Visitor: 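Below you will find the structure I want to go over with you.
For ligands, and for the atoms within them, numbers begin at 1 and follow the listed sequence. None of the values given here were measured: they were computed from a predicted structure. Residue indices begin at 1 and follow the sequence shown.
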Amino acid sequence: MNDLNPSGWRPSTGSSEPGAWRPTVTGHRALEQDEPLLFEIGSLDGCGVDFDEDDGAEMLDALPRRTTPVALPGLSEPEAVRHYTRLSRQNYAIDLGLFPLGSCTMKHNPRLNEKVARMPGFASVHPLQPQQTVEGALEVIAQLADWLVALTGMASVAMTPKAGAHGELCGLLAIRAALEARGEADARRVILVPESAHGTNPATAAFAGFTVAPIPANPDGRIDLAALLERLGDDVAGVMITNPNTCGLFERDMKTIADAVHAAGGYVYCDGANFNAVVGRVRPGDLGVDAMHINLHKTFSTPHGGGGPGAGPVVLSQALAPFAPLPMVVRDEAGKPRLIEDPAERTDAFGRMCAFHGQMGMFTRALAYILTHGADGLRQVSGDAVLNANYLLASLKDVLDAPFAESGACMHEALFSDAGFAEGFSTLDLAKGLIDEGFHPMTVYFPLVVHGAMLVEPTETESKAALDQFIAAMRDLARRAKDGDPALKAAPVHAPRRRLDETLAARKPRLVWKEA
Ligand SMILES: *Cc1c(COP(=O)(O)O)cnc(C)c1O
């Protein structure tokens with residue numbers, strides 16, 4: 001490690017050529033400033049705030065006093081503000097550039113949504129306010145619910161789940177409640193989950209108390225229909241199918257599968273996280289789906305990442321609608337929204353997913369997005385998302401292996417693999433190289449059905465110019481990975497941190513700072 005550069009930033013070459021990189025005294029790189037922990041920059045002995053010596057001492061004397069120091073770093077306000085601002089500059093964000101994470105739909109969050117969500121009448125409502133004081137908020141929830149039901153062709157929607165995975169749980173609990181009502185909950189304990197499913201699907205099924213039976217994918221990246229039909233029986237509670245699936249393909253057999261599952265006495269859960277690819281074109285209700293979550297933070301442009309908040313409303317078929325959790329917003333005969341909280345009013349409801357009505361800020365943002373686009377605009381969203389992904393696929397498939405390029409057009413995301421890279425080079429190297437090019441890497445090593453997978457989702461809001469720049473970077477990196485360029489193994493060289501031991505970080509996270 002270089003003494004002048006304790007931060008771990010390394011020159012890409014040690015060359016003293018004019019113009020070559022040399023370590024800076026500070027460890028900073030121009031406007032990118034290296035940033036230690038708060039505890040490392042602030043001293044535990046000092047205090048960043050100027051208190052009067054005897055301010056409140058009399059009052060304090062009457063109270064029990066702590067005997068150990070509080071151990072907070074003594075920083076002034078500007079020092080603390082700078083710390084967090086510097087850290088924020090090291091973050092890649094959707095407002096900085098193309099964010100090609102597949103299976104995540106990191107799309108632009110229009111500023112109008114933010115403005116609407118911050119209107120005091122929405123931003124300041126409290127979940128315990130009397131209903132007659134929050135009629136506008138209830139109308140927003142009801143209007144958004146109307147849109148979700150119309151766009152999906154379903155009977156009803158449970159608005160309270162707080163994320164996609166939470167919605168999956170809601171859907172499976174509704175399925176369990178329906179089976180209980182039929183007296184078959186003990187007999188039907190198996191959920192069929194294709195191998196290409198998002199990881200949350202089998203996790204949710206297990207969490208809800210079901211046994212997971214995996215269904216293989218066929219060579220073209222879709223569900224093996226024969227294997228699925230073969231496995232149906234009177235122990236099966238239902239299936240969980242992601243459509244469009246995680247290989248970026250539309251499951252064409254969805255209706256056939258749904259009909260067969262229903263005939264065998266089961267229910268159909270659809271993971272609707274990829275609704276961005278089909279919104280305005282396909283109504284899951286027409287395909288025989290009984291329950292599907294919608295990630296408002298993907299399809300309807302509310303912010304996500306960094307742990308939320310998200311929102312995962314679950315649309316329900318006629319068969320499952322009675323079991324939807326409380327609270328529930330319904331419209332009375334006059335069309336006025338009303339919040340049902342009392343289980344006596346909805347005796348079949350399986351319970352509650354959370355204390356209150358859901359993520360109000362996400363509802364207002366999603367409704368603002370839907371209303372600014374309108375039905376035709378939403379249809380264009382899915383068209384443009386699919387067009388952009390296919391443009392990437394077509395522009396890269398001569399330099400990167402695209403395992404399902406022969407399976408027809410992709411949906412909103414394009415899947416590649418590291419087949420053909422030089423010995424010792426893999427997906428990880430290309431992804432790290434993308435960081436040097438100023439992009440967030442795509443989703444890597446997922447879906448598991450493809451070795452060394454790279455799942456790229458540009459979304460509909462990227463211009464052709466932005467896509468072309470990304471394609472140029474990807475083509476160059478693919479060439480370097482195939483040629484075995486040793487410099488690629490060192491990437492990223494321009495980032496504040498280099499290659500971290502991600503396994504160690506996950507297995508042995510050091511979450512507590514200890515003074516050296
Ligand atoms: C994002 C995603 C989920 C999980 O949604 P969260 O809101 O992150 O809980 C589930 N399935 C698929 C296919 C997804 O892309």
Visitor: Mind telling me whether His440 and Phe99 have parallel, tilted or perpendicular rings, with 30° and 60° as the class edges?
Guide: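 Phe99 and His440: parallel rings.
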
Visitor: Quick check: Ser103 and ligand 1, any N/O pair under 3.5 Å apart?
Guide: yes

Visitor: Is it the side chain, the backbone, both or neither of Glu168 that has a heavy atom closer than 4.0 Å to ligand 1?
Guide: side chain

Visitor: If hydrogens are left out, which of His297, Glu413, Glu457 has an atom nearest to atom 8 (O) of ligand 1, that is, the closest non-hydrogen atom?
Guide: His297

Visitor: Looking only at side chains, do Thr105 and Glu457 share a donor and an acceptor under 3.5 Å apart?
Guide: yes

Visitor: Hey, is Arg352 close enough to Glu341 for a salt bridge, meaning N to O under 4.0 Å?
Guide: yes

Visitor: Decide whether an N or O pair under 3.5 Å exists between Ala163 and ligand 1.
Guide: no

Visitor: Assess whether atom CD of Gln469 is packed by more than 12 heavy atoms of other residues, nucleotides or ligands within 6.0 Å.
Guide: no

Visitor: Can you report which non-hydrogen protein atom sits closest to atom 6 (P) of ligand 1, along with the distance?
Guide: Gly164 N, 3.4 Å

Visitor: Could you check whether His451 and Tyr445, counting side-chain N and O atoms only, form a donor-acceptor pair closer than 3.5 Å?
Guide: no

Visitor: Measure the CD-OH distance between Glu35 and Tyr84 for me, rounded to the nearest 0.5 Å.
Guide: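 So the CD of Glu35 and the OH of Tyr84 are separated by 10.0 Å.
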
Visitor: Run the contact test for His166 against ligand 1 with a 4.0 Å cut-off on heavy atoms, strictly below, and give the result.
Guide: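 No, His166 has no heavy atoms under 4.0 Å from ligand 1.
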
Visitor: Under a 4.0 angstrom heavy-atom cut-off, which atoms of ligand 1 come close to Ala273?
Guide: 2 (C), 11 (N), 12 (C), 13 (C), 14 (C), 15 (O)

Visitor: Looking only at non-hydrogen atoms, which of Asn295, Thr105, Thr242, Asp271 approaches atom 11 (N) of ligand 1 most closely?
Guide: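 The nearest heavy atom belongs to Asp271.
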
Visitor: Within the structure, does Asn201 bring an N/O atom to less than 3.5 angstrom of an N/O atom in ligand 1?
Guide: no

Visitor: Which residue and atom name correspond to the protein heavy atom nearest atom 14 (C) of ligand 1, and how close is it?
Guide: Lys298 NZ, 2.9 Å

Visitor: Compute the shortest N/O to N/O distance between Cys104 and ligand 1 and return yes if it is under 3.5 Å, no if not.
Guide: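 For ligand 1, there is no N or O atom that lies under 3.5 Å from one belonging to Cys104.
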
Visitor: Compute the minimum heavy-atom distance from Gly310 to ligand 1 and say whether it is under 4.0 Å.
Guide: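 No, Gly310 has no heavy atoms under 4.0 Å from ligand 1.
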
Visitor: Quick check: does any side chain N or O of Asp429 sit under 3.5 Å from a backbone N or O of Ser426, one acting as donor and the other as acceptor?
Guide: yes

Visitor: Does Phe323 offer a backbone N or O that forms a donor-acceptor pair with the side chain of Asp348 under 3.5 Å?
Guide: no

Visitor: To check your reading of the model: name the closest protein heavy atom to atom 9 (O) of ligand 1, its residue, and the distance in Å.
Guide: Ala165 N, 2.8 Å

